[in-house]
There are 2 protein chains.
Amino acid sequence: MFIYLHEISNMNQIIEIERMEKAAYTLKAISNGTRLCVISLLSQKEEMNVSQLGEELNCEQSLLSHHLTDMRAKGILNCRRDGKNCYYSLKNKQMIQIIDCIRTCNCV
Amino acid sequence: MFIYLHEISNMNQIIEIERMEKAAYTLKAISNGTRLCVISLLSQKEEMNVSQLGEELNCEQSLLSHHLTDMRAKGILNCRRDGKNCYYSLKNKQMIQIIDCIRTCNCV
DNA sequence: CAAATATATGAACATTTATTCATATTTAAA
DNA sequence: TTTAAATATGAATAAATGTTCATATATTTG
């Protein structure tokens, strides 16, 4: 089955959709209270290990680990092992902007 | 059952968690390719009716309607009826910032 | 090496979100 | 005043996310 380009009403629009899909993928990965708190904490503290995060967030070990593992898999966090501990940090400092944006945005 | 304030390790943290939960609520409501496209379009065009949005987004009528209704219910969009048409617009212009933020953020 | 600590993993289940389909509602126009 | 157009709604289902629990892995320490 063939698709002719002229049948596509607006090529730019299609590319925009693709970008928005990609953005949605990242947004989904942070659209959760616990995850946003992790990002917020890491925007202040550069690096924290899982136990530290767990204490601050009052989040059960396994659940937090799942969140962290997933955020890491989706390119939001970095992880570095030091002995028994794993230190997480923001992969992309820009992510803080989203938190700031949410903070200043009067919708929140 | 009583809760004593001194048992709460960090009151600010708790408030932060609450804020992040609220932020997550809004973020969830926009963390979808189609929804982000709606916001993006409305950041350029002020107002669009459902048919116009449907054409641009190549999205089935009922599905789009569900998205719009939900975004409206969650305080993201406004809706105004004019004859047979319903015109949607951004309730909060600030929402554009999130789109911009996503655009410039190199994570996307 | 055995025990303890920190963290990860996988499976099962619960909850949310997305999608489809059929039908209802509203308004305009023939 | 029936018909068509634009949009909404609800129920059913599918797919994605969140949560829990039991257990695994890695590392350190006695």
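Bear in mind the structure is a predicted one, so any value in this text is a computation, not a measurement. Residue numbering restarts at 1 for every chain, and letters A, B, ... go by the order of the sequence lines.
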When we call it a touch if two heavy atoms are under 4.0 Å apart, what does B:Y88 touch: a base, just sugar-phosphate, or nothing? sugar-phosphate
Between P of D:dT7 and CD of B:E55, the distance in whole Å: 10 Å
Ignoring hydrogens and angles, tell me if any N or O in the side chain of A:S31 forms a donor-acceptor pair with the backbone of A:L27 under 3.5 Å. yes
Of all the nucleotides listed (C:dA8, D:dT20, D:dA8), which has the minimum atom distance to the side chain of B:C79? D:dA8
Classify the nucleic acid contact of B:R72 as base, sugar-phosphate or nothing, counting any heavy atom under 4.0 Å across all strands shown. nothing
Would you mind reading off the distance between B:L64 atom CG and D:dA6 atom C1', rounded to a whole angstrom? 12 Å
Between CG of B:D70 and P of D:dG10 the distance, given in whole Å, is 13 Å
Between A:Y88 and A:L42 the two heavy atoms that sit nearest each other are O-CD2, 3.4 Å
Kindly confirm whether the side-chain ring of B:H66 is stacked on the base of D:dT9, judged by centres under 5.5 Å and planes under 30°. yes
Phosphate contact (D:dA5 OP1 or OP2) by B:N85 side-chain N/O below 4.0 Å: no
Partner residues of B:R81 under the side chain to side chain contact (heavy atoms under 4.5 Å, CB included) criterion, sequence neighbours left out: B:C86
Could you state the CD-P distance from A:Q52 to C:dA6, rounded to the nearest angstrom? 11 Å
Report the distance from atom NZ of A:K74 to atom P of D:dA16, rounded to the nearest whole Å. 11 Å
Please state whether the phosphate of D:dT17, meaning OP1 or OP2, lies under 4.0 angstrom from any side-chain nitrogen or oxygen of A:H67. no
B:N32 vs C:dT17: side-chain N/O to OP1/OP2 distance below 4.0 Å: no
Treat primed atoms plus P, OP1 and OP2 as sugar-phosphate and everything else as base, then score nucleotides 22-30 of chain C 5' to 3': B for base contact with protein heavy atoms under 4.0 Å, S for sugar-phosphate contact only, - for none. B---BBS--
Would you give the length of the straight line joining atom CD1 of B:I98 to atom CD of A:Q97, rounded to the nearest 0.5 angstrom? 12.0 Å
Note: for A:S65 and A:K28 on DNA chain C, the residue whose nearest nucleotide lies more 5' is A:S65
Contacts of B:K74 that satisfy salt bridge (Lys or Arg N to Asp or Glu O under 4.0 Å) - sequence neighbours left out: B:D70
Rounded off to whole Å, could you give me the CG-to-C1' distance for the A:L68 and C:dT7 pair? 10 Å
Heavy-atom closest pair, residues A:A29 and A:M71: O-CG, 3.8 Å
If you count heavy atoms of other groups shown closer than 6.0 angstrom to CG of A:N58, is the number above 12? no
Just the rounded figure in Å: distance from C1' of D:dA8 to CE of B:M71. 15 Å
Taken to the nearest whole Å, CG/A:L57 to P/D:dT19 is 12 Å
